[in-house]
Amino acid sequence: MDVQNRITGGSFHGPVTLAGQVVVQPPTAPPALAGLPAAGPALVGRDAELADLLDGLTEHPVQLVTGLPGVGKTALALHTAHRALAEPGLLPGGVLFLDLYGYDPALRVDPHRALGSLLRALAVPEETVPEDPEDRARLYRSVLAGHAADRPLLVLLDNASSAAQLRPLLPGDPRIPVLATSRHTLGGLPARILDLTVLSTADAVAYLDGALRRTRGPGDTRIADQPAAAAEIAELCGGLPLALAVVAALLAELPNRSADAMARALRDTGRRLSRLTGEDLAVRAAFRLSYRQLPPETARLFRLLPLNPGPDLATEALARLADLPEEDAEPLVHALARAHLVEPAPPTTAGGCTT
């Protein structure tokens, strides 16, 4: 009798015995490809960026969203992934998600541990995960290539702090898109970079209004009732979504506090960061993690920035402020810009930055 054996319906990792029929030892657990965190509230002021990233999933193997702490990189990446999952046929394999905690020394996930976690999420049995880093990376890329053949998926890597942390986790297969986020501009990666900026005043006010109405109900019109105070809050928060989220949480906790009262509280520059602290949100803490990544000379220059009376500062003035030759100060400024702790001035302004 002519016996034929076929395996269909996916990729399998484990021994296969041929004996008239195929016996497959399945993985001990299903792949964790549906564990994407919730996207959170609707995005405000990010329609163009969201559309750009969605289009890029089929055009660019690796996309990197960068920006200063609290600007909303993770929220944008999660919304992009959820929107892509809702598109029929775009990501039939789901999403492989991992938070790398790149800016928290206590939680940071090194590439070796990250590869182990990703392989287990792909249902590779624990006992077959190699200990050698190169072997792990080869197996990871091979398993992903198997998925790409029949059920393409998205790899979402959040909070990478360096190219060294991210590079071993890239699939290497252009059929598998990668979406990553970082506070640093990781120019050494083969990635298309999207720099995420703060919200405009109008979008920031819409963010506050929407957040309060979601929390307290449509009857909470404090933002709409005091538009001048709302605009001032948006500007005092610098259009930073994290700061706006803290303000919205504080207002939600105190339903009798007006937008005008909140604006008055935020005018105190000496206490503003302390006021921008909620139960589990804090602007100071977010920036502290980025500051701790800076080398000593760069950190010293960052500490000197508040001595400048305005938001704009030329590299020459920075050099004098730090008592350094201009050619020594310039690389430090570039390092702060890569970390998104300062913003390069527009092209019309020579050699400057915005703090």
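None of the values given here were measured: they were computed from a predicted structure. Numbers here simply count residues along the sequence, with the first being 1. Computed over heavy atoms, backbone and side chain alike; hydrogens, waters and symmetry mates excluded.
No side-chain heavy atom of Arg183 sits less than 4.5 Å from a side-chain heavy atom of Ser161. Val109 is not listed as a side-chain neighbour of Asp99, based on a closest heavy-atom distance of 4.5 Å or more. Side-chain contact between Leu85 and Leu36 is present, with heavy atoms from C-beta onward closer than 4.5 Å. The shortest distance between side-chain heavy atoms of Pro133 and Leu115 does not fall below 4.5 Å. Residues Leu122 and Tyr140 have side chains in contact (heavy-atom distance under 4.5 Å, counting atoms from C-beta outward). Looking at Pro41 and Arg214, their side chains come closer than 4.5 Å, going by heavy atoms from C-beta outward. At a threshold of 4.5 Å between non-hydrogen side-chain atoms, the residues Leu324 and Leu301 do not count as touching. In this structure the side chain of Thr197 never reaches within 4.5 angstrom of the side chain of Val71, judged on heavy atoms.
Without hydrogens or angle criteria, Thr221 side chain to Ala224 main chain gives no donor-acceptor distance under 3.5 Å. Side chain of His112 to backbone of Glu131: a donor-acceptor contact under 3.5 angstrom is found. With hydrogens and angles disregarded, a donor-acceptor distance shorter than 3.5 Å links the side chain of Arg151 to the backbone of Pro92. Lys73 places a side-chain N or O within donor-acceptor distance of the main-chain N or O of Gly67, the cut-off being under 3.5 Å. Side-chain atoms of Thr215 do not come within 3.5 Å of backbone N or O of Ala252 as any donor-acceptor pair. In terms of modelled atom types and a separation under 3.5 Å, the side chain of Ser117 and the main chain of Arg113 share no donor-acceptor contact.
The side chain to side chain donor-acceptor pair (under 3.5 Å) analysis of residues 32-57, with sequence neighbours excluded, yields the pairs Asp52-Arg192. Pairs of residues two or more places apart, or lying in two chains, that qualify as side chain to side chain donor-acceptor pair (under 3.5 Å) and include a residue from residues 292-304 are Tyr291-Arg303. Here side chain to side chain donor-acceptor pair (under 3.5 Å) pairs that include residues 84-97, with residues two or more places apart or in two chains, number zero. Sorted by first and then second residue, the pairs that involve residues 228-247 and meet side chain to side chain donor-acceptor pair (under 3.5 Å), not counting sequence neighbours, are Glu232-Arg267.
Nearest heavy atoms, Ala148 versus Asp173: CB-OD2, 3.9 Å. Counting all heavy atoms, side chain and backbone alike, Leu242 lies closest to Ala286 at CD2-CB, 3.7 Å. Residue Leu78 comes nearest to Ala39 through the heavy atom pair CB-CA, 4.1 Å, listed as atom of the first residue, atom of the second, then distance. Pairing each heavy atom of Leu100 with each of Asn159, the nearest pair is CB-O, 3.7 Å.
By the side-chain contact (heavy atoms from CB on, under 4.5 Å) test, Ile193 pairs with Leu64, Thr66, Thr185, Asp195, sequence neighbours left out. Judged as a ring-ring contact (aromatic ring centres under 6.0 Å, His included), and not counting sequence neighbours, His340 has no contacts.
Annotation: the span from Gln226 atom CD to Ile233 atom CD1 amounts to 8.5 Å, rounded to 0.5 Å. Rounding to the nearest 0.5 angstrom, the gap separating the CZ atom in Arg222 from the OG atom in Ser258 is 8.5 Å. Separation of atoms NE2 (His82) and CG (Leu50) is listed at 12.0 Å; rounding is to 0.5 Å. Between Leu156 atom CG and Thr181 atom OG1 the span is 7.5 Å, to the nearest 0.5 Å. To the nearest 0.5 Å, atom CD1 of residue Ile176 and atom CG of residue Leu154 are 10.0 Å apart. In this structure, Leu68 CG and Leu196 CG are separated by 8.5 Å, a value rounded to the nearest 0.5 Å.
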Test log, rule side-chain contact (heavy atoms from CB on, under 4.5 Å), inputs Leu169 and Leu118 | CA-CA 9 Å; Leu169 311 181; Leu118 291 169; 4.2 Å; yes
Begin from the C-alpha positions of Val155 and Leu153 and carry the test side-chain contact (heavy atoms from CB on, under 4.5 Å) through to its verdict.
-> CA-CA 7 Å; Val155 178; Leu153 54 85; 3.8 Å; yes
Step-by-step side-chain contact (heavy atoms from CB on, under 4.5 Å) determination, Ser290 to Leu341 = CA-CA 8 Å; Ser290 284; Leu341 292 173; 4.3 Å; yes
Quick one: do Arg264 and Asp260 satisfy salt bridge (Lys or Arg N to Asp or Glu O under 4.0 Å)? Show the steps, please.
-> CA-CA 6 Å; Arg264 286 198 304 272; Asp260 186 60; 2.4 Å; yes
Can you list the steps and then say if Asp158 with Leu98 is a side-chain contact (heavy atoms from CB on, under 4.5 Å)?
-> CA-CA 6 Å; Asp158 195 25; Leu98 183 62; over 6 Å; no
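Taking a cutoff of 4.0 Å between a charged side-chain nitrogen and a carboxylate oxygen, Arg138 and Asp135 qualify as a salt bridge. Looking at Glu326 and Arg320, no side-chain N of the basic residue comes within less than 4.0 Å of a carboxylate O on the acidic one, giving no salt bridge. Using a 4.0 Å cut-off between charged nitrogen and carboxylate oxygen, Asp209 and Arg213 count as a salt-bridge pair.
Hydrophobic clustering of Ile, Leu, Val, Met, Phe, Trp and Tyr side chains at less than 4.5 Å, counting indirect connections, keeps Leu289 apart from Leu240. Under the 4.5 Å side-chain contact rule for hydrophobic residues, Tyr103 and Phe97 do not share a cluster. With hydrophobic clusters built from ILVMFWY side chains whose heavy atoms lie under 4.5 angstrom apart, Leu276 does not share a cluster with Leu254.
Within a 6.0 Å sphere centred on CZ of Arg272, heavy atoms belonging to other residues, nucleotides or ligands number more than 12.
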